[in-house]
**Q** 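Below you'll find the structure I mean.
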Amino acid sequence: MRFSEFGLTTLKEVPAEAEIVSHQLMLRAGLIRRLASGLFTWMPIGVRVLRKVEAIVREEMNRAGALELLMPAVQPAELWQETGRWNQYGPLLLRMFDRHQREFCFGPTHEEVITDVARRELRSYKQLPINFYQIQTKFRDEIRPRFGVMRSREFIMKDAYSFDLDQAGLDSSYQKMHDAYSAIFTRLGLKFRVVWADSGEIGGSKSQEFHVIADSGEDAIAYSDEDDYASNIETARTLPTATKRPAATAKLQKIPTPGVRSIDDLCNMLKIEPAQTIKTLIVKGTDGPVAMILRGDHELNAVKAQKLAGVASPLTMADSETIRQATGSEAGSLGPVGCNLRVYYDHAVAAMADFSCGANEIEYHFTGVNFGRDLPEPATVDLRNVVAGDPVPGGKGTLKIARGIEVGHIFQLGTKYSESMRATIQDQDGKDRAMLMGCYGIGITRIVGAAIEQNHDSNGIIWPEPLAPFDVVLVPINLQRSEVVQTATEELYAELQALGLDVLLDDRDVRPGVKFADAELIGIPHRVVLSERGLAGGELEYRHRRDLESRNMKRAAVLELLQK
RNA sequence: CGGGGCAUGGCGCAGCCUGGUAGCGCAUCUGCUUUGGGAGCAGAGGGUCGCGUGUUCGAAUCACGCUGCCCCGACCA
């Protein structure tokens, strides 16, 4: 491709709308342009990257035995009503009517459609196992689209769905996808980690996420420094603390705390640390509100809390009226002492002594509270988000926290969809059985952003070679004025293309600095500079995007290097 | 959805407080010079100042309403 014919415009300045580096660089390098909130046009250079991602994903999916198909982006409401998700999915689902006032949605995912395909097509267990996939546009009406293509409303996803007769079959299909995903992210040249996760909206049991490790990631990942445990913070578990509780030394005191509405206020007034306080959260329950007791510096974990007996799911905080009726007090002055609600204590609380908490009387708190004296010994559960240093569930080592960008997610769905949509198959005994399903997603567009988050410097993108829009960029110096350069450039351009390389020839009549700056901004891995000076000595100048210095090399040596 | 901010040429911004018919940098086009790290000079094109209503002799500027976008938050009891 000749630069002069590629229609690429790069930006010297950073557009104000872009917050994170991948978004800024994608705009500056001309990969994407914004149409509306969460909607982007992929420009030619961006599409080149997308196609490279897709090609690798497709190859590995095919290698794993999955079959590509293509389902409609627009789906009829009736299918979603069959599984009950028409109501469950909420405002994330973009709904619309056709001219006959029939209701549709723009597919945010395709479990319903594929299950419909399966129940029509699959009759016999002999057709199993089978795994269908597609690479296609989805729409999710996100509350707050952000970070460019990382959380956009319209995006491209590879979604796959497996069908098996029994759990052993599902385990095997799931494992195949796990291995295929690992192969995909490895081939893409990304640093990633597989973590345990919550199945959330999609449903089902076993589920793992593939995260590209990056500080700007939206998700927190907890992992062990000693074994292979790794989990999304949403589901990361921990054990009761091993530390023994110190003996009580302080007297129980009730003190007035005017104006104190939060843990921070309390700590400021008493000159203590949040870890010496207890906070009490009131959530909605299945029969009356429930109190959650946590150390002041810890956070309640919704996934864990909503699984507890008596707690309403999804987890909902009680409103101030409910709190008043249940405790006679208000948020900001709540505590376990004298609380007659159903109470859950977090593990970490059991190790505390001489702590402070609300007195269930507006703007009064207790200090010097102790278990076994002022409160009964607590039965504790795992209630909170883990923090760095917590014990690993397996018992070995402590947890560390990293940030990641979720680029893949695999689930065992079981029979959630096959049962509600009656997708059954005849087994060896001629009996109808609901198929066991798995579903497997990769965010194709998100991978592009994640790759940039992980691979850039102050000059621009540094594409992992498998993703690069071009393999090599040719930068001729004085192309328009030097016949020697012109001849050598055209010959090299033709030869590299004949070798099957994607070559960008910067044939613009601009000063070299402009070409260098653009080559670095768009992140082409290999750069070859052709100049009269070098050519006179029979040499080209080569530099990899990651390198700081360029080197002069013989033409043959450059060709050899680029063929690897 | 709650809070905050912004909206002026393709991009980044100033002007608004104190009302008088729009300016800077980048980009674009033309010419000349320049050509190994985002060139220089000269010239040119391009904006009904997000939309609406109002105040006023007069509104980018003041008031009200709306829309769009961005950021933060959505357990912090």
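Scope of the values below: all heavy atoms of this structure, side chains included, with no hydrogens, waters or symmetry mates. Quantities reported herein were computed from a predicted structural model and do not represent experimental measurements. A note on names: the letters A, B, ... follow the listed sequences, proteins ahead of strands, and every chain is numbered from 1.
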**Q** For a quick check of understanding: with a heavy-atom distance under 4.0 Å over all strands, which category does A/Ala318 fall into, base, sugar-phosphate or nothing?
**A**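 It contacts base atoms.
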**Q** Is A/Arg527 salt-bridged to A/Glu541, cutoff N-O under 4.0 Å?
**A** yes
**Q** Round to a whole Å and report the spacing from CG of A/Leu39 to C1' of B/G68.
**A** 13 Å
**Q** So which nucleotide does B/C62 pair with, by the Watson-Crick or G-U wobble rule with both distances under 3.5 Å?
**A** B/G54
**Q** Taking NZ, NE, NH1 and NH2 as the nitrogens, is one of them in A/Arg403 or A/Glu218 under 4.0 Å from a carboxylate oxygen of the other?
**A**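 Judged by the 4.0 Å cut-off on N to carboxylate O distance, A/Arg403 and A/Glu218 do not form a salt bridge.
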**Q** Given the P atoms of B/C41 and B/U34, what is the spacing between them in whole Å?
**A** 16 Å
**Q** Take the protein atom CG of A/Leu334 and the nucleotide atom P of B/C75, then report the distance between them rounded to whole Å.
**A**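 Rounded to the whole Å, the gap is 17 Å.
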**Q** Mind checking the C1' distance from B/C69 to B/U8? Whole angstroms is fine.
**A** 15 Å
**Q** Now, which nucleotide makes the Watson-Crick or G-U wobble pair with B/C32, with each of the two distances under 3.5 Å?
**A**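 B/G40 - that is the nucleotide pairing with B/C32, both distances being under 3.5 Å.
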**Q** Between protein and nucleotides 34-42 of chain B, map the contacts as a letter string: B base, S sugar-phosphate only, - none, heavy atoms under 4.0 Å, written 5' to 3'.
**A** BBBBBB---
**Q** For a quick check of understanding: with a heavy-atom distance under 4.0 Å over all strands, which category does A/Leu294 fall into, base, sugar-phosphate or nothing?
**A**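 Counting heavy atoms under 4.0 Å across all strands, no contact is made by A/Leu294.
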**Q** How far, in whole Å, is B/C66 from B/G46 if one measures between their P atoms?
**A** 36 Å
**Q** Counting Watson-Crick and G-U wobble pairs only, both distances under 3.5 Å, name the nucleotide matched with B/A7, or none.
**A**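 Matched B/A7 with B/U67 under the 3.5 Å cut-off.
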**Q** Is the terminal nitrogen or CZ of A/Lys138 (NZ for Lys, CZ for Arg) located under 6.0 angstrom from the six-membered ring centre of A/Phe155 and within 45° of that ring's axis?
**A**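 The answer is no; the distance or angle limit is not met.
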**Q** Rounded to whole angstrom, note down the C1' distance from B/C49 over to B/G9.
**A** 10 Å
**Q** Between B/C16 and B/G58, how far apart are the P atoms? Round to whole Å, please.
**A** 22 Å
**Q** Kindly determine whether A/Glu495 and A/Arg555 satisfy side-chain contact (heavy atoms from CB on, under 4.5 Å), including the steps that lead there.
**A** CA-CA 11 Å; A/Glu495 190 165 349; A/Arg555 188 174 191 274; 3.0 Å; yes
**Q** Can you tell me how far P of B/G12 sits from CD of A/Gln24, to the nearest Å?
**A** 12 Å
**Q** Got a salt bridge between A/Lys254 and A/Glu361, using NZ or NE/NH1/NH2 to carboxylate O under 4.0 Å?
**A**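 Yes, charged N to carboxylate O under 4.0 Å.
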**Q** Distance check needed: B/C6 C1' versus A/Arg34 CZ, whole Å only.
**A**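 In whole Å, B/C6 C1' lies 13 Å from A/Arg34 CZ.
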**Q** What is the distance from CZ of A/Arg153 to C1' of B/G68, rounded to the nearest Å?
**A** 11 Å
**Q** Answer yes or no: does a side-chain N or O of A/Ser37 lie under 4.0 Å from OP1 or OP2 of B/C70?
**A** yes
**Q** Could you go step by step and tell me if A/Asp509 and A/Lys515 meet the salt bridge (charged side-chain N to carboxylate O under 4.0 Å, His left out) rule?
**A** CA-CA 10 Å; A/Asp509 188 12; A/Lys515 297 186 184 185; over 6 Å; no
**Q** Answer yes or no: does atom CD of A/Glu273 have more than 12 heavy-atom neighbours from other residues, nucleotides or ligands under 6.0 Å?
**A**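 12 or below, so no.
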**Q** Which nucleotide, in any strand shown, forms a Watson-Crick or G-U wobble pair with B/C1, with both distances under 3.5 Å?
**A**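 Matched B/C1 with B/G73 under the 3.5 Å cut-off.
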**Q** Can you check the A/Arg295 CZ to B/C76 C1' distance for me, whole Å?
**A** 15 Å
**Q** Look through every strand shown and name the nucleotide pairing with B/A22 as Watson-Crick or G-U wobble, where both distances are under 3.5 Å.
**A** none
**Q** Between B/G20 and B/U61, how many Å separate the two C1' atoms, rounded to a whole number?
**A**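 Roughly 11 Å separates the two C1' atoms.
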**Q** Which whole-number value in Å describes the distance from A/Glu13 CD to B/C11 P?
**A** 12 Å
**Q** Nearest-Å distance, CG (A/Asn385) to P (B/C76)?
**A**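 For the pair A/Asn385 CG and B/C76 P, the rounded distance is 13 Å.
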**Q** With a 4.0 Å cut-off, would you call A/Arg153 and A/Asp141 a salt bridge?
**A**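 Between A/Asp141 and A/Arg153 there is a salt bridge, with a charged N closer than 4.0 Å to a carboxylate O.
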**Q** Rounding to an integer number of angstrom, what distance separates B/G31 and B/G37 when you compare their P atoms?
**A**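 Looking at atom P only, B/G31 and B/G37 are 26 Å apart.
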**Q** Distance from A/Ile524 atom CD1 to A/Asp518 atom CG, nearest 0.5 Å?
**A**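 That separation rounds to 10.5 Å.
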**Q** Check nucleotides 71-74 of chain B against the protein and report each pair of N or O atoms closer than 3.5 Å, with its distance, or say if there are none.
**A**
residue	atom	partner	partner atom	Å
B/C72	OP2	A/Arg144	NH1	3.0
B/C72	OP2	A/Arg144	NH2	2.8
B/C72	N4	A/Arg144	NE	3.4

**Q** Report yes or no: do A/Glu532 and A/Ser482 form a side-chain donor-acceptor pair below 3.5 Å?
**A**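 Their side chains do contain a donor-acceptor pair, which is all the 3.5 Å distance test asks for.
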**Q** Within the 4.5 Å heavy-atom criterion, are A/Glu560 and A/Lys554 side-chain neighbours or not?
**A**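 Answer no - side chains too far apart.
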**Q** If the C1' atom of B/G12 is compared with that of B/G54, how far apart are they to the nearest Å?
**A** 33 Å
